[in-house]
Amino acid sequence: MPRGRYSLHDPHDHTPLADEHFQCAPGPSGWRYVSQLTGPDGDHAGSVDLTLDALGRPLRLELHAASWQVRGAALDGVTWVRTDPTGTHATEGNVRAHAFTGTSPAFLVATARLLRLTPSTAGTRVRLVAFTDPVLAPRTVDQSWALVDRETHPSDNGPLTVEAFQVTALDTGEQHTVHLAGDVVLSAPGVELEDLDSPPSDLD
């Protein structure tokens, strides 16, 4: 069960945004990730709780940020309920999309798990609902993912397979690379793995 800490920053100007203290593990249903976020001032900034089924689809998602809350799941595409800080107004949404995404590194692992790509330069299109900080506003995005490299490296805990994904935003054409080892993000725009207490889990 990997436990560790990611630092999150603005990918453009590198302004620190938060530290995400996480733990994740394969389970009976598929995979679960939970985390707590702290802001640069050390105050609690939110949380993530994501459970995937065996096929990588979101069984349950719960996000908290700035007193806003989102609960979602894969249902007729993806469905979610977003509640405001007062708890008096809740809005429901539904989009014919494959899964969710957001600032948490958990969503990068989840999308890679969902697509189960083989090494190729050809991209696979995926539609996601992104919840954007700080108020978890939903936005539908289309991306293309390609697994462009897979290498195995020796480590103290045995061979470690690192996969490099090229992710393209289809609305702007902007491209970036995401490096994953099992269920841990090694590097991605705006994400740095700062601490890892135990090796990544193999999700295959």
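Along the sequence shown, the residues carry numbers beginning at 1. Here the structure is a predicted model, which means the values were calculated and not measured.
The minimum heavy-atom distance between Trp31 and Pro26, with the atom names listed, is CD1-N, 3.7 Å. Nearest heavy-atom pair, Val184 versus Pro2, reported as atom, atom and distance to 0.1 Å: CG2-CB, 4.0 Å. Considering every non-hydrogen atom in both Ser144 and Gly123, the closest pair reads OG-CA, 3.3 Å. Ser104 approaches Glu20 most closely through the heavy-atom pair OG-OE2, 2.7 Å. Nearest heavy-atom pair across Ala45 and Gly39 is CB-N, 3.7 Å. Between Ala99 and Leu114, the closest heavy-atom pair is CB-CD2, 4.0 Å.
Residues Pro200 and Leu160 meet the side-chain proximity criterion, which asks for heavy atoms closer than 4.5 Å. Put simply, the side chain of Leu63 reaches to within 4.5 Å of the side chain of Leu61, judged on heavy atoms. Using a 4.5 Å cut-off on side-chain heavy atoms (C-beta onward), Val109 and Val185 make contact. Inter-residue side-chain proximity for Leu8 and Leu37 is flagged as met; some heavy-atom pair is nearer than 4.5 Å. In this structure the side chain of Gln69 never reaches within 4.5 angstrom of the side chain of Leu136, judged on heavy atoms. At least one side-chain heavy atom of Phe100 sits less than 4.5 Å from a side-chain heavy atom of Val78.
Hydrophobic clustering (side-chain heavy atoms under 4.5 Å, transitive across Ile, Leu, Val, Met, Phe, Trp, Tyr) keeps Val34 apart from Leu59. Linking Ile, Leu, Val, Met, Phe, Trp and Tyr residues whenever their side-chain heavy atoms come within less than 4.5 Å leaves Val148 and Leu180 in two separate clusters.
Checked against the 6.0 Å centroid criterion, the rings of Phe131 and Trp68 do not qualify as a close aromatic pair.
Under the 3.5 Å distance criterion, the side-chain polar atoms of Asn94 are matched with a main-chain donor or acceptor of Asp76. With His98 contributing its side chain and Leu128 its backbone, the two residues share no donor-acceptor pair below 3.5 Å. A side-chain donor-acceptor contact under 3.5 Å links Asp183 to the backbone of Ser201. For Thr101 (side chain) and Phe107 (main-chain N/O), no donor-acceptor pair under 3.5 Å exists by modelled atom type. Here the side chain of Asp84 pairs a donor or acceptor atom with the backbone of His89 at under 3.5 angstrom. In terms of modelled atom types and a separation under 3.5 Å, the side chain of Arg82 and the main chain of Val135 share a donor-acceptor contact.
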**OP:** Show the numbers, then the answer: is there a side chain to side chain contact (heavy atoms under 4.5 Å, CB included) between Thr124 and Val126?
**Re:** CA-CA 7 Å; Thr124 296; Val126 60; 5.8 Å; no

Subject >> Audit row: Arg127, Arg96, side chain to side chain contact (heavy atoms under 4.5 Å, CB included) steps and yes/no >> reply: CA-CA 8 Å; Arg127 173 162 288 182; Arg96 289 288 180 180; 5.9 Å; no

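A distance of 13.0 Å separates OH of Tyr6 from NE2 of His21, quoted to the nearest 0.5 Å. Interatomic distance, OG1 of Thr111 versus CH2 of Trp145, reported as 5.0 Å (0.5 Å rounding).
Under 4.0 Å is where a charged nitrogen must lie from a carboxylate oxygen, and between Asp195 and Arg3 no such pair does.
Counting only N and O atoms by type, the side chains of Gln175 and Thr168 include a donor and acceptor under 3.5 Å apart.
Ring geometry, Tyr33 versus Phe22: the interplanar angle falls under 30°, so the pair is classed parallel (tilted spans 30 to 60°).
Here the options are His64, Arg71, Arg60, the test is side chain to side chain donor-acceptor pair (under 3.5 Å), and the partner is Asp49; only Arg60 passes. Checking each of Glu151, His153, Arg150 against Thr161 for a side-chain contact (heavy atoms from CB on, under 4.5 Å) leaves exactly one that passes, namely Arg150.
Around atom CZ of Arg5, more than 12 heavy atoms belonging to other residues, nucleotides or ligands sit under 6.0 Å away.
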